[in-house]
Amino acid sequence: MRQFCSLFILFFATTVIAQPSGGPYGPVDRYYEVPKAGHVYDVAPDGKADAAGTQLERPTTLEAAIERVVTGDAIILRGGTYRTGGLRLNQGVTIQPYADERPVLKGTQVATEWEALRNNVWKTSWAKLFPASPLGWWRRDREGMQTPLHRFNNDMVFVDGKLLKSAGWEGELDPHSYYIDYERGAVYIGVDPTDKQVEITAFDGAIVRTSAPVHGKTNDGQGPVIRGITFTQYAYRALEVEGKRQFTASDEPTDEPIGPSDPATFGKEVTGTVLENVTISYTSRVAGYFRGDGLVIRNSLVSDTGTEGIYVIGSADVLLERNIIRRNNVENLTGYYASAVKIFNQSHRVTFRDNLVMDHPNSNGVWYDVGNRDGLIVNNWLEGATDCFFFEISRGATVAGNVFVDCDKGVRVLNSADVHVYNNTFVDSPAAFERNERSATNDHFGWHPATGPDVDEREGHIFANNLLVTGSAYTQPLLRFEQPTSLCDTLTRPMATQVDGNVYARARPTGSGTGLPLIVISPAATESCVTTLTSLDALRELAPSLEANGQQLDRTPASIFKGPDLGRYELLQPIVARAREPKLPAHVREALGWSELDAQTKGAYPMNPE
């Protein structure tokens with residue numbers, strides 16, 4: 001089988017065993033053999049709907065093949081652009097390219113009929129529009145002055161492949177924006193379309209793997225296997241795998257299940273969906289909604305999405321690995337809780353391993369939220385997001401071997417229990433453990449808090465053998481444990497059962513007397529229930545059980561890492577361990593693929609000889 005190097009592959013040039021692995025990440029160009037299948041349907045952009053599709057020389061259309069396939073069949077796509085969408089199937093089939101060709105599914109059509117108006121404005125009539133509104137929980141009184149309502153419409157306009165930004169009326173237009181008059185069915189742009197390709201969304205999705213009857217067939221319960229396909233420029237979402245219910249763009253798509261539920265009662269309608277070497281870009285809301293146990297998304301690229309990239313809902317035993325997820329919330333919708341990856345609503349045993357999550361200035365990175373259990377987050381590179389990893393209203397996660405760079409918070413744990421954070425590298429990115437009064441009583445999101453630990457159960461965390469390093473410009477605390485004053489009298493136990501063996505490296509500012517804040521601790525015997533400490537010595541005096549083997553180093557990143565300016569965060573030299581360092585549990589070593597010698601390191605990179 002021939003292998004080719006894709007432009008999408010991203011390598012880190014390392015000469016030692018490292019976590020993250022160094023790639024390949026994202027889609028890998030390859031030669032696809034025709035799979036063994038019950039029936040193989042050949043399709044092409046210029047295929048004929050009445051062709052059988054059983055001969056390469058006489059392909060059918062993708063739409064016709066979708067209608068015909070049954071369990072175990074395969075659809076083979078010739079290269080080229082398919083401007084299509086609204087495809088629905090309920091059979092477990094394989095969809096992949098022919099040989100090494102590159103099929104691209106687009107949700108736009110080309111607009112060619114334009115009328116020139118005054119003031120550098122051009123207009124065209126357009127019938128396929130997708131007006132939308134924010135979901136009911138969005139707080140307009142708080143966010144409406146930052147995010148105009150027209151930004152929630154699902155339409156998109158591209159000029160020569162570049163996404164334009166929505167405007168509120170014709171007078172706001174410039175060469176980089178568009179306006180839609182929904183009552184008149186008109187699209188306006190502020191750039192001369194002559195000799196340019198203008199594409200406007202015409203479909204609100206590419207493929208929906210429905211659980212409902214369709215094309216005269218009932219759901220076979222098997223998810224599709226999709227390989228090597230690009231999906232781009234879709235209003236709303238590109239892909240969706242349904243559960244028990246069918247949702248529209250105006251529905252809350254995460255309400256399955258509703259309320260605390262037995263895992264045996266959901267995630268079973270469509271199982272085993274696989275995406276490999278897939279690219280999804282430019283979707284106005286999410287790349288895909290995925291429901292169902294046994295989901296695998298591997299070596300895929302998700303880029304330039306709306307509120308979420310990958311959205312996993314009510315699913316168990318999921319694996320996401322070696323993907324690139326970048327640039328979520330490209331329209332900067334505020335108050336919509338954007339996250340590049342969202343694991344939501346009682347998803348159990350979701351493994352997020354060896355992925356690149358980067359370039360998310362208006363979005364969280366990876367967010368496990370609402371009733372999730374036993375997450376495994378290992379060997380990832382997460383950079384440039386608000387909360388790079390966020391675990392909320394959930395119980396049980398192992399976070400190990402990850403690199404967090406330039407995050408507002410590298411790890412954030414909120415109203416959760418039993419999150420164990422081992423051997424991660426934090427670069428200008430703090431770790432934060434928080435709890436507050438939020439409960440299912442009168443909550444803005446109703447039943448959500450009831451799926452996680454109750455207010456008095458939000459504890460049991462571990463933070464051990466991590467490496468936290470900052471440059472001279474970073475002045476904030478590196479580790480935070482925080483709760484509000486109102487909980488001081490009722491929640492007196494610490495959130496963590498173990499905080500030890502961590503290394504905090506920060507060069508002392510020239511002329512500094514007291515030093516910068518290092519750790520925030522709560523509950524504490526202060527009026528505010530919070531105290532800020534500048535040294536590990538002060539921490540040990542306050543709480544002798546914390547950081548007995550921790551180290552505070554007066555050193556710069558250049559003295560810790562091999563090449564921080566190049567993103568090389570392997571250790572320049574070993575950090576000498578204390579005599580009674582906490583040991584990395586065997587199951588965590590196994591998840592990282594480390595030996596006992598590897599596990600003696602600090603941070604995400606084992607110290608191996610070159």
Side-chain angles (χ1 to χ4, degrees), residues 7 45-46 79-86 102-133 146-206 230-238 249 279-285 287 301 303-307 326-334 359 361-362:
L7 291 176
D46 58 354
T81 299
Y82 299 73
R83 294 191 184 271
T84 187
R102 294 184 174 90
V104 177
L105 273 63
K106 275 194 170 185
T108 53
Q109 300 286 0
V110 177
T112 57
E113 302 295 327
W114 292 93
E115 176 187 355
L117 307 179
R118 61 187 296 182
N119 296 340
N120 294 317
V121 173
W122 287 262
K123 180 182 78 169
T124 191
S125 297
W126 201 255
K128 298 179 179 180
L129 296 173
F130 303 95
S133 301
Q146 301 181 82
T147 302
L149 287 177
H150 62 77
R151 204 60 49 79
F152 289 96
N153 295 313
N154 285 333
D155 309 87
M156 291 185 291
V157 179
F158 301 82
V159 174
D160 289 339
K162 182 178 179 181
L163 175 65
L164 303 186
K165 188 174 183 178
S166 67
W169 65 297
E170 299 93 324
E172 286 184 8
L173 289 172
D174 61 24
H176 309 291
S177 59
Y178 70 93
Y179 163 68
I180 295 179
D181 184 331
Y182 288 95
E183 291 185 0
R184 299 175 61 189
V187 177
Y188 300 80
I189 59 175
V191 60
D192 188 348
T194 305
D195 299 325
K196 294 180 174 61
Q197 184 181 69
V198 182
E199 299 167 291
I200 304 174
T201 43
F203 300 97
D204 67 355
T230 292
F231 302 88
T232 190
Q233 298 181 353
Y234 282 93
Y236 189 37
R237 81 296 199 214
T279 296
I280 306 176
S281 65
Y282 293 107
T283 54
S284 63
R285 280 297 164 267
L301 169 67
S303 179
D304 298 282
T305 46
T307 52
R326 65 188 185 197
R327 293 196 297 272
N328 184 56
N329 198 14
V330 292
E331 293 186 292
N332 193 19
L333 298 179
T334 64
D359 197 11
N362 305 313

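This structure is a prediction, so every number in the text was calculated from the model and none was measured.
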(request) Quick one: pull up NZ in Lys165 and CD in Glu172 and give me the separation to the nearest 0.5 Å. (result) 10.0 Å
(request) Using atom types as modelled and distance alone, determine if a side-chain donor or acceptor of Arg285 lies under 3.5 Å from a backbone N or O of Phe152. (result) yes
(request) Identify the two heavy atoms, one from Asp155 and one from Leu129, that lie closest to each other, and give their separation to 0.1 Å. (result) OD2-CA, 3.3 Å
(message) Could you tell me if the side chain of Tyr188 sits less than 4.5 Å from the side chain of Leu117, heavy atoms only?
(response) yes
(message) Check this for me: Arg102, atom CZ, are more than 12 non-hydrogen atoms of other residues, nucleotides or ligands nearer than 6.0 Å?
(response) no
(message) Can you confirm whether Val159 sits close enough to Tyr178 that some side-chain heavy atom of one is under 4.5 Å from a side-chain heavy atom of the other?
(response) no
(message) To the closest 0.5 Å, what do you measure between NE2 (His176) and CG (Leu163)?
(response) 12.5 Å
(request) Indicate the atoms forming the closest heavy-atom contact of Tyr236 with Ser284, along with that distance. (result) N-OG, 2.6 Å
(message) Show the nearest heavy-atom pair for residues Thr147 and Arg151, with the distance to one decimal.
(response) CG2-CB, 4.2 Å
(request) Look only at the side chain of Thr283 and the backbone of Ala238, and say whether a donor-acceptor pair between them is shorter than 3.5 Å. (result) no
(request) Give a yes or no answer on whether the side chain of Asp359 reaches the backbone of Arg326 with a donor-acceptor pair at less than 3.5 Å. (result) no
(message) Any side-chain to backbone donor/acceptor pair from Trp126 onto Thr201? Under 3.5 Å, distance only.
(response) yes
(message) Restricting to non-hydrogen atoms, name the atom on Phe130 and the atom on Ala235 that form the minimum distance, rounded to 0.1 Å.
(response) CD1-CB, 3.7 Å
(request) With rounding to the nearest 0.5 Å, note down the distance linking CZ in Phe231 to OG1 in Thr279. (result) 9.5 Å
(message) How long is the straight-line distance from OH of Tyr179 back to CG of Leu164, given to the nearest 0.5 Å?
(response) 16.0 Å
(message) Is any side-chain heavy atom of Val157 closer than 4.5 Å to one of Ile189?
(response) yes
(message) If only side-chain N and O atoms count, and only distance matters, is there a donor-acceptor pair under 3.5 Å linking Ser281 with Thr232?
(response) yes
(message) Using 0.5 Å steps for rounding, measure from the OG1 atom of Thr124 to the CD atom of Glu115.
(response) 9.5 Å
(message) Could you report the tightest heavy-atom contact between Ala132 and Asn154, atom names first, then the distance?
(response) CB-ND2, 3.8 Å
(message) How close do Asn328 and Thr307 get, counting heavy atoms only, and between which atoms?
(response) ND2-O, 3.1 Å
(request) Say whether, by atom type as modelled, one donor and one acceptor occur between the side chain of Arg83 and the main chain of Lys106 under 3.5 angstrom. (result) no
(message) Do the side chains of Asp304 and Arg327 get close enough for a salt bridge, i.e. N-O under 4.0 angstrom?
(response) yes
(request) Under the side chain to side chain contact (heavy atoms under 4.5 Å, CB included) rule, what do Lys162 and Asp160 come out as? Steps first, then yes or no, please. (result) CA-CA 6 Å; Lys162 182 178 179 181; Asp160 289 339; 5.9 Å; no
(message) If I take atom CD from residue Gln109 and atom NZ from residue Lys128, how far apart are they, to the nearest 0.5 angstrom?
(response) 5.5 Å
(request) Under the salt bridge (Lys or Arg N to Asp or Glu O under 4.0 Å) rule, what do Asp204 and Arg237 come out as? Steps first, then yes or no, please. (result) CA-CA 6 Å; Asp204 67 355; Arg237 81 296 199 214; 3.7 Å; yes
(message) Are the side chains of Trp122 and Val198 in contact, using a 4.5 Å heavy-atom criterion?
(response) no
